[in-house]
Amino acid sequence: MTDINYTITFFSDWNCGSGLSAGSESDSQVKKNKDGLPYLPGRTTKGLLRDAARDLFEGDSDSDKFIEACFGQKKAEFDSGKPLSPFFFSNSEFTPDIANYFISHPVETRKLFRNIPSTSIDEETGVAKKEFLRTMEVAIPLTLTGFISNIPDDDVIKMHACLKMVKRLGIKRNRGLGRCQFNIVPSEKGGQP
């Protein structure tokens, strides 16, 4: 079994939504940990990589086996009592040094976020529709770290390919937000084969 350590570097503002709003300040907030710092949940990473695996290995006879081993079974198989995948996808967060800096300087944390307004335009008149102004909180471009553990040695190269495939994530990723790149961090237990 192998672990893969990675960084995810954002090249544009991004929002992995929390489903919460901040009243009149923002209609959609960034997901934050207990210290108010942005992070990417492990289950989001898992979903992104599952989609990448389907795109990369569609038509490959071993792809279903790889996807099930890495990302778990379909709901019907899960309900039948088959064992879950042993893989673990961590949350992607700041390194401890950076997190500790922001925890000890909470005023600086505000600089990690900004609000972006948007509105809906009436196609016939070309004018903004009434009561359609929305504001979304975004995190600035930054780098987070995470890991995937318990990967069978035979699946490590495919998982590397899946990580390299992800180029965007989060809300409005088709409109320029969430441009990113996963980079594999070599280590004794994980990283480059």
Query - Contact list for residues 88-101, test side chain to side chain donor-acceptor pair (under 3.5 Å), sequence neighbours left out - result: Y6-S92
**Report entry** Least distance between heavy atoms, R168 atom then C180 atom
**Finding:** N-SG, 3.9 Å
Query - Note: K32-E137 ion pair, threshold 4.0 Å (strictly below) - result: yes
Query raised in the report: Got a sec, which residues hit salt bridge (charged side-chain N to carboxylate O under 4.0 Å, His left out) with D155, two or more places apart in sequence or on another chain?
Result: none
Query raised in the report: Is any side-chain heavy atom of T9 less than 4.5 Å from a side-chain heavy atom of N183?
Result: yes
Requested in this report: Would you check if I116 and D13 make a side-chain contact, meaning some heavy-atom pair closer than 4.5 Å?
Outcome: yes
Requested in this report: Measure from NZ or CZ of K164 to the centre of the six-membered ring of F182, then state whether that distance is under 6.0 Å and the direction lies within 45° of the axis.
Outcome: no
Query raised in the report: How far apart are the C-alpha atoms of C162 and L56, what are their side-chain angles, what is the distance that settles it, and do they pass the side chain to side chain contact (heavy atoms under 4.5 Å, CB included) test?
Result: CA-CA 7 Å; C162 292; L56 279 170; 4.2 Å; yes
Requested in this report: Please assess T44 against F89 for the test side chain to side chain contact (heavy atoms under 4.5 Å, CB included), listing each intermediate value before the final yes or no.
Outcome: CA-CA 9 Å; T44 300; F89 294 81; over 6 Å; no
Query raised in the report: Taking only residues at least two apart or on different chains, which pairs with a member in residues 34-43 satisfy salt bridge (Lys or Arg N to Asp or Glu O under 4.0 Å)?
Result: none
Query raised in the report: OG1/T2 to CE/M159 distance, rounded to the nearest 0.5 angstrom?
Result: 11.0 Å
Query raised in the report: At what distance, to the nearest 0.5 angstrom, does NZ of K167 lie from CD of Q181?
Result: 5.0 Å
Query raised in the report: Can you find a pair of side-chain heavy atoms, one from W14 and one from L177, that are under 4.5 Å apart?
Result: no
**Report entry** Trace of the side chain to side chain contact (heavy atoms under 4.5 Å, CB included) decision for I148 with D3
**Finding:** CA-CA 6 Å; I148 308 165; D3 295 348; over 6 Å; no
Report summary line: Output for pair (F102 CZ, R110 CZ), nearest 0.5 Å, gives 12.5 Å
Report task. Of all the heavy-atom pairs spanning L40 and C16, show the shortest one and how long it is. Result -> CD1-SG, 3.7 Å
Query raised in the report: Is the closest side-chain heavy-atom distance between T7 and L144 below 4.5 Å?
Result: no
Report summary line: Closest non-hydrogen contact found for H160 with I184 is CG-CD1, 3.3 Å
Query - Same apolar cluster: I98 and I140, side chain cutoff 4.5 Å - result: yes
Query - Atom pair CG/CE of D51 and M165 - distance to nearest 0.5 Å - result: 9.5 Å
**Report entry** Interatomic distance, I151 atom CD1 to I157 atom CD1 [nearest 0.5 angstrom]
**Finding:** 12.0 Å
Query raised in the report: Distance from N150 atom CG to I4 atom CD1, nearest 0.5 Å?
Result: 11.5 Å
Query raised in the report: How about S149 and F88: do any of their side-chain heavy atoms sit closer than 4.5 Å?
Result: yes
Query raised in the report: Are the aromatic rings of F94 and Y39 close, with centres under 6.0 Å apart?
Result: no
Query raised in the report: Would you say the side chain of I8 lies within less than 4.5 Å of the side chain of L169, judging by non-hydrogen atoms?
Result: yes
Query - Non-hydrogen atoms of V30 and P38 that approach each other most closely - result: CG1-CB, 4.0 Å
